[in-house]
Amino acid sequence: MSDNHERTFLPPYMDIDRLAKDGLLFSQAISPSSWTLPVHMSVFTSLYPGVHGVINTDKRLSENAVTLAQVLKGAGYHTSGFVSVTHTL
């Protein structure tokens with residue numbers, strides 16, 4: 001950073017106040033499952049866990065399932081994924 005540009009940090013409560021002022025409020029949010037793996041598969045496929053079948057770590061997504069990444073690729077986008085934890089399958 002140059003001497004002419006000083007970074008200003010807001011106290012944490014001011015960031016939260018700004019988020020509340022500028023953010024969205026969802027008065028009702030429903031998850032298709034109680035844990036991450038099936039929820040992620042639902043987000044990636046727009047299918048409920050009972051339909052995509054990935055309800056525990058010994059299940060894999062069907063080769064026939066269409067994912068958001070595939071739809072985006074078909075529209076000319078490039079996608080990638082980054083994970084810090086993997087499930088042992």
Side-chain angles (χ1 to χ4, degrees):
M1 234 181 261
S2 72
D3 292 335
N4 297 334
H5 296 90
E6 189 173 312
R7 184 165 179 170
T8 304
F9 292 95
L10 295 174
Y13 68 88
M14 291 183 78
D15 285 338
I16 290 171
D17 290 343
R18 184 177 62 201
L19 177 64
K21 179 180 163 262
D22 298 336
L24 295 173
L25 171 66
F26 294 92
S27 60
Q28 185 177 21
I30 300 170
S31 176
S33 182
S34 61
W35 69 293
T36 308
L37 182 60
V39 172
H40 280 171
M41 293 302 104
S42 292
V43 169
F44 297 150
T45 64
S46 296
L47 300 172
Y48 287 109
V51 177
H52 62 63
V54 184
I55 54 174
N56 54 45
T57 58
D58 68 341
K59 304 290 184 187
R60 291 182 179 257
L61 190 61
S62 167
E63 292 288 328
N64 297 324
V66 178
T67 65
L68 176 60
Q70 291 168 318
V71 171
L72 291 173
K73 182 179 181 181
Y77 290 88
H78 297 275
T79 64
S80 59
F82 302 90
V83 297
S84 61
V85 176
T86 59
H87 294 281
T88 304
L89 297 176

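It should be emphasised that the depicted structure is a prediction, and the values quoted were computed from it without experimental measurement. Heads up: numbering here begins at 1 and tracks the sequence.
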Can you name the closest pair of heavy atoms from Val39 and Trp35 and give their distance?
CG2-O, 3.2 Å
Hydrophobic cluster partners of Tyr77 (side-chain heavy atoms under 4.5 Å)
Leu68, Leu72
ILVMFWY clustering at 4.5 Å (side-chain atoms), partners of Leu24:
Phe26
Is there a path from Phe44 to Val54 through hydrophobic residues (I, L, V, M, F, W, Y) whose side chains come within less than 4.5 Å of each other?
yes
Keeping to residues at least two apart or across chains, list the side chain to side chain donor-acceptor pair (under 3.5 Å) pairs with something in residues 62-71.
Thr67-Gln70
Apart from Val66 itself, what residues make up its hydrophobic cluster, given side-chain heavy atom links below 4.5 Å?
Val71
Only pairs at least two apart or in different chains count here, so list each side chain to side chain donor-acceptor pair (under 3.5 Å) that has a residue in residues 39-50.
Ser42-His52
Honestly curious: do Leu37 and Ile55 fall in one hydrophobic cluster under the side-chain, below-4.5 Å linking rule?
no
Taking all heavy atoms of Thr79 and all of Ala69, pick out the closest pair and write down the distance.
OG1-CB, 3.6 Å
